[in-house]
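Sequence lines set the chain letters: A, B, ... in the order given, protein chains first and strands last, and positions in each chain run from 1.
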There are 2 protein chains.
Amino acid sequence: MRISTKGRYGLVIMIYLAREYNTGRFVSLKEISESEEISLKYLEKIMLNFKDTDYFISSRGSEGGYKLAHSPKEYNLKDIFEKLEGNIEIVSCLNEGVPCLKKNRCVSRILWKDINNLINDYLSTKTLEDLIKR
Amino acid sequence: MRISTKGRYGLVIMIYLAREYNTGRFVSLKEISESEEISLKYLEKIMLNFKDTDYFISSRGSEGGYKLAHSPKEYNLKDIFEKLEGNIEIVSCLNEGVPCLKKNRCVSRILWKDINNLINDYLSTKTLEDLIKR
DNA sequence: TGATTTCCTACCATTATGGTAGTAAAATAT
DNA sequence: ATATTTTACTACCATAATGGTAGGAAATCA
């Protein structure tokens with residue numbers, strides 16, 4: 001039950017860009033890489049997870065980089081993690097339509113559901129703006 | 001951010017034994033294996049995670065098996081998961097004494113801490129008895 | 001033109017997951 | 001006594017996920 005570096009570094013990128021949102025400038029991954037001491041190549045790979053989103057405006061070449069396409073308050077943390085980590089249900093059977101029929105296996109399903117709701121409810125109510133305000 | 005089968009099947013064993021607690025009989029892993037359709041060998045392996053606990057009374061041989069050493073209400077779910085999954089902190093830096101000094105990495109630490117507390121608080125208040133009552 | 005940076009595809013080492021197999025030792029049933 | 005049952009313990013292994021690295025093409029800017 002761990003958040004991987006994929007999720008953590010992905011959020012680091014988002015926070016970095018959120019903090020620079022007001023400046024309007026493009027921030028390169030190289031800058032984030034050096035500031036946060038995370039390999040550039042790995043950051044590039046993590047960005048691939050956001051490929052099908054409209055999260056960023058990007059520009060290649062010198063003085064290029066990324067900036068947020070929207071205000072930090074438009075970025076929901078639950079959405080961000082779903083892009084980064086895929087399905088974030090803590091047990092796989094939660095999103096299967098058909099309940100399993102094992103005797104005691106699904107007694108605990110209620111427990112998983114509760115915990116899952118706890119996390120999802122929390123993340124759903126938080127945005128990037130909430131994070132950088134603290 | 002997934003609970004593995006190790007954690008899930010381990011809980012299944014605990015629930016099974018909790019339900020048989022009043023009978024006082026020994027329940028074999030073979031019985032649980034057949035009832036829950038989980039391989040016997042895998043259940044044996046999962047039991048190794050509880051090796052250093054006083055959770056069970058065991059008996060070998062025919063009519064042998066396991067039974068809970070204490071009443072189901074004495075078994076805290078947080079404790080059980082710590083035995084099964086090891087440290088259940090969702091990010092590793094939470095239990096390091098020294099905070100990391102990276103610029104934005106630890107902005108999110110507050111977030112991880114919050115989620116971690118959410119889960120731990122929930123699990124700490126629940127016992128095996130709560131689970132089998134529902 | 002040269003440097004910079006995104007964008008994209010491969011590749012790879014290590015670890016965790018999710019098991020299986022085999023055997024010894026203890027306890028019980030016959 | 002012996003056969004059976006069951007825990008207890010060790011070793012092994014296939015697959016997937018994690019956490020990266022490497023290389024190059026394409027776009028952009030100074």
Side-chain angles (χ1 to χ4, degrees), chain A residues 1-13 16-17 25-53 55-69 81 84-88 90-93 105, chain B residues 1-13 16-17 25-53 55-69 81 84-88 90-93 105:
Chain A
M1 198 162 60
R2 281 257 157 112
I3 301 276
S4 62
T5 58
K6 193 167 57 178
R8 290 192 286 135
Y9 294 172
L11 187 62
V12 164
I13 294 171
Y16 203 108
L17 295 180
R25 74 178 178 98
F26 286 106
V27 178
S28 71
L29 291 185
K30 192 182 175 212
E31 176 180 329
I32 300 178
S33 160
E34 285 166 358
S35 170
E36 304 290 336
E37 296 171 52
I38 303 167
S39 126
L40 171 63
K41 282 296 184 184
Y42 195 36
L43 289 183
E44 285 181 4
K45 191 178 174 182
I46 286 168
M47 288 302 285
L48 291 178
N49 292 294
F50 295 121
K51 199 161 53 175
D52 63 338
T53 72
Y55 281 5
F56 314 107
I57 296 163
S58 69
S59 168
R60 296 179 179 188
S62 177
E63 305 298 306
Y66 296 93
K67 60 183 173 185
L68 293 189
F81 279 111
L84 286 168
E85 307 252 349
N87 187 323
I88 57 172
I90 59 167
V91 293
S92 54
C93 70
R105 280 206 208 185
Chain B
M1 198 160 60
R2 281 261 156 111
I3 301 276
S4 62
T5 58
K6 191 167 58 178
R8 290 191 286 133
Y9 294 173
L11 188 61
V12 165
I13 295 171
Y16 203 108
L17 295 180
R25 74 180 179 98
F26 287 106
V27 178
S28 71
L29 291 184
K30 192 180 176 217
E31 175 180 330
I32 300 178
S33 159
E34 285 167 359
S35 169
E36 304 290 336
E37 294 172 51
I38 304 167
S39 124
L40 171 64
K41 281 298 185 183
Y42 195 35
L43 289 184
E44 285 180 5
K45 190 177 174 183
I46 286 168
M47 287 302 287
L48 291 177
N49 292 294
F50 295 121
K51 198 161 55 176
D52 63 339
T53 71
Y55 282 4
F56 313 107
I57 297 163
S58 70
S59 167
R60 295 181 179 187
S62 177
E63 306 298 304
Y66 297 93
K67 59 183 174 186
L68 293 189
F81 279 110
L84 286 168
E85 307 253 349
N87 188 323
I88 57 173
I90 58 167
V91 293
S92 53
C93 71
R105 281 206 208 185

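- Panel note: side chain A/S35, backbone A/I32; no donor-acceptor pair is recorded below 3.5 Å.
- In the helix from C/dT1-D/dA30 to C/dT30-D/dA1, the terminal helix axes, each the rotation mapping four pairs' C1' atoms onto the next four within five end pairs, subtend 0°, rounded to 10°.
- Atom CG in A/L43 sits about 17 Å away from atom P in C/dC8, given to the nearest Å.
- Between A/K6 and A/N49 the shortest side-chain heavy-atom distance falls below 4.5 Å.
- Checking side-chain atoms of B/S33 against main-chain N and O of B/S39 turns up no donor-acceptor pair under 3.5 Å.
- Summarising the geometry, the separation between CE on B/M47 and C1' on D/dT6 is reported as 12 Å, rounded to the nearest angstrom.
- In this entry the distance linking NZ of A/K67 with P of C/dT5 reads 16 Å, nearest Å.
- Contacts of A/L48 with the nucleic acid, taken as non-hydrogen atoms under 4.0 Å apart, include base atoms.
- For the pair B/K30 and B/L40, the tightest heavy-atom approach, listed with the atom from each and the gap, is N-CD1, 3.6 Å.
- There is no side-chain donor-acceptor pair under 3.5 Å between A/Y9 and A/E36.
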| request: Do nucleotides 20-30 of chain D as a string where each nucleotide becomes B, S or -: B if the base has a protein heavy atom under 4.0 Å, S if just the sugar-phosphate does, - if no protein is that close. | output: BBBBB-BBBS-
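- Between the NZ atom of B/K51 and the P atom of D/dT7 there is a distance of 16 Å, rounded to whole Å.
- Atom CD of B/E85 and atom P of C/dT17 are 7 Å apart (whole Å).
- Taking 4.0 angstrom as the limit, B/S58 places a side-chain polar atom (N or O) nearer than this to OP1 or OP2 of D/dA8.
- A heavy-atom distance below 4.5 Å is found between the side chains of A/R25 and A/V27.
- Taking atom CZ on A/R8 and atom P on D/dT18, their separation rounds to 12 Å, with Å as the unit.
- For B/Y42, the side chain to side chain donor-acceptor pair (under 3.5 Å) partners are B/T5, not counting sequence neighbours.
- In this structure the side chain of A/I13 never reaches within 4.5 angstrom of the side chain of A/Y66, judged on heavy atoms.
- B/L84 has its CG atom 16 Å from the P atom of C/dA16, to the nearest Å.
- Two residues are said to be in side-chain contact when any heavy atoms from C-beta on lie closer than 4.5 Å; B/L17 and B/F56 meet this criterion.
- Distance A/I3 CD1 to D/dT18 C1': 14 Å, rounded to the nearest Å.
- Backbone-only engagement by B/Y66 is indicated by non-hydrogen atom pairs under 4.0 Å involving sugar-phosphate atoms exclusively.
- In this structure, B/K6 reaches the C/dT17 phosphate: one of its side-chain N or O atoms is under 4.0 Å from OP1 or OP2.
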